[in-house]
Amino acid sequence: MEHFVVVKNGGVTTSRGFKATGVHAGFRKNPGRLDFALIAAEEPAKTTGTFTRNKFCAAPVIFDREQLGYDGNHCGVSKISAVAINSGNANAATGIDGINIARESAGIVADELGISVDEVLVSSTGVIGVPLPLEPFKTGVPEAAIKLSVEGGLDAARAIMTTDTHYKQVAVEIEGEALGLSGTFHIGGMVKGSGMIQPNMATMISVITTDVPLSDDVMTTVFRAAVDRSFNCVTVDSDTSTNDTAIFMSSGKENEIKPGTPECGVFKEALNYVCIELAKKIAVDGEGATKIVQITVEGAKNNDEALIAARSVANSPLVKTAIAGHDANWGRVAAALGKCDIDFKQENTSIDFLKMPVLRGGLPIPFDEDEALKRFEETQIDIDCNLGEGDGHAVVWSCDLTHDYISINADYRS
């Protein structure tokens, strides 16, 4: 964080050139709950995105991919002026009717803001397989358009929540000199996500903005890399959603930062920080969670194998329930590592649980159970593994698994 600082209470509108708001449009029955967010750029902003790879991808994902020039693998960069997000209904598994609703809702936003429909992205989150009504857009969009403001970022973050227990937003301010520019610049974002969380990317929706001027290459490559290091490294329950969406917008215009430059490195560091902090907020807010768990795997043959191993530990119900029970059961971690289809040897493996060595050379070493129990009082539980095979490294964030997770999901539609 040498070149940037965290902006207190910062979010998606911290970057210059963006306004936002959240309103109750009627997607949810509770009139006191915000359920529609609108983010608007003062002028068309360079925009790219990454989306779920679930084959049951939702109608808004299909629509947004078209808007951003999806080539079957990655999205390009388009000029976008508004992002509209509803909660309470995912508009997933709704067929051609759902796609038409997505397109019509984008048209309502475009007409209200006086822009082209080509400049609008839409996103939805909530129950799958239920037709998304158009009427709430007809009443909610005009109200939201009137309420758009720089101060409205917080309400936007609240409006996209589903089973989230709190809103999630982060922003940083970057020294212009470090970017080869004068003044100060920003990156800010919001995210929702609590359950059905597993790359790619999690049942999450995120909008991240910046006022740093960026070339198209930096927009796409740096953002995809940031998503891989953050949102694609968080898991609550190993389930990939139909609606995963991460949108990245830049309002910057002159002196665009190019790839491979020191300035690009500074920007990448700041963007990674924002995305990782947002991802960690998802893990902290995992459905029914009481602890965030950070799993670090080192010593794998390569980074891909390290990620496979870290995800295996993070997704293990036995590991997650042990943490919920404040049980430093390193054997469950070892078993989760051992079932991975990667190349490593037991006798080269080390495990640290709660910063305490518990396994060396594949064999247990004594540790103080009372001290371990005391360390479980920490909010974050660290599990560090070394496979002794190479330089591969990965970090994954997860949470414990409690009975409340079952209750939340058993009652989700009722």
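In this text the structure is predicted, and so the values were computed from the model without any measurement.
The closest side-chain donor-acceptor pair between Thr290 and Asp400 falls under 3.5 angstrom. Side chains of Asp382 and Gln380: a donor on one and an acceptor on the other come within 3.5 Å. A donor-acceptor contact under 3.5 angstrom links the side chains of Thr94 and Asn91, judged on distance only. Side-chain polar atoms of Lys79 and Thr47 form no donor-acceptor pair below 3.5 angstrom.
Taking the charged nitrogens against the carboxylate oxygens, Arg360 and Asp352 do have a contact shorter than 4.0 Å, which makes a salt bridge. With respect to the salt-bridge test (charged N to carboxylate O, under 4.0 angstrom), the residues Arg224 and Asp228 do not qualify.
Partners of Phe353 according to the ring-ring contact (aromatic ring centres under 6.0 Å, His included) rule, which considers only residues two or more places apart in sequence or in another chain, do not exist here. Under the ring-ring contact (aromatic ring centres under 6.0 Å, His included) criterion, His393 pairs with no residue at all, not counting sequence neighbours. Every residue was checked against the salt bridge (Lys or Arg N to Asp or Glu O under 4.0 Å) condition with Lys291, not counting sequence neighbours, and none meets it. Evaluation of the ring-ring contact (aromatic ring centres under 6.0 Å, His included) rule for Phe223 yields Phe248 as partners, not counting sequence neighbours. For Phe63, there are no ring-ring contact (aromatic ring centres under 6.0 Å, His included) partners two or more places apart in sequence or in a different chain.
Using a 4.5 Å heavy-atom threshold, the side chains of Leu68 and Leu121 count as touching. Looking at Phe36 and Ile85, their side chains never come closer than 4.5 Å, going by heavy atoms from C-beta outward. Annotation: side chain of Arg375 is in contact with side chain of Lys355 (closest heavy-atom distance under 4.5 Å). Side-chain atoms of Lys192 and Thr125, non-hydrogen and from C-beta on, do get closer than 4.5 Å to each other. Using a 4.5 Å cut-off on side-chain heavy atoms (C-beta onward), Pro60 and Asn243 make contact. Counting heavy atoms from C-beta on, the side chains of Gln169 and Leu154 come closer than 4.5 Å.
In this structure, Lys374 places its NZ atom where only 12 or fewer heavy-atom neighbours from other residues, nucleotides or ligands lie under 6.0 Å away. Few gaps surround CD on Glu347; more than 12 heavy atoms of other groups in view lie less than 6.0 Å from it. Around CG of Asp71, the count of heavy atoms belonging to other residues, nucleotides or ligands within 6.0 Å exceeds 12. Residue Glu371 places its CD atom among more than 12 non-hydrogen atoms of other residues, nucleotides or ligands, all under 6.0 Å distant. Residue Phe376 places its CZ atom among more than 12 non-hydrogen atoms of other residues, nucleotides or ligands, all under 6.0 Å distant. With a 6.0 Å radius and a threshold of 12 heavy atoms from other residues, nucleotides or ligands, Asp391 has its CG atom at or below the threshold.
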Open item on the list: Phe4 vs Phe267, test: ring-ring contact (aromatic ring centres under 6.0 Å, His included). Steps then yes/no.
Closed with: CA-CA 9 Å; Phe4 63 89; Phe267 179 79; over 10 Å; no
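For the pairing with Leu337, the side-chain contact (heavy atoms from CB on, under 4.5 Å) check across Leu359, Val313, Ile308 returns one residue only, Val313.
Between the side chain of Ser206 and the backbone N or O of Met190 there is at least one donor-acceptor pair closer than 3.5 Å. Not a single donor-acceptor pair under 3.5 Å links the side chain of Ser316 to the backbone N or O of Ser312. With hydrogens and angles disregarded, a donor-acceptor distance shorter than 3.5 Å links the side chain of Thr210 to the backbone of Val212. Within the 3.5 Å criterion, the main-chain N or O of Gly26 finds a donor-acceptor partner in the side chain of Asp35.
For the pair Ala336 and Lys339, the tightest heavy-atom approach, listed with the atom from each and the gap, is O-CG, 3.3 Å.
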Extract all donor-acceptor atom pairs below 3.5 Å that involve side chains of residues 270-279 and protein atoms in other chains or at least two apart in sequence.
from	atom 1	to	atom 2	distance (Å)
Asn272	ND2	Lys268	O	3.4

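Judged by the 6.0 Å and 45° rule, Arg16 forms a cation-pi pair with Phe185.
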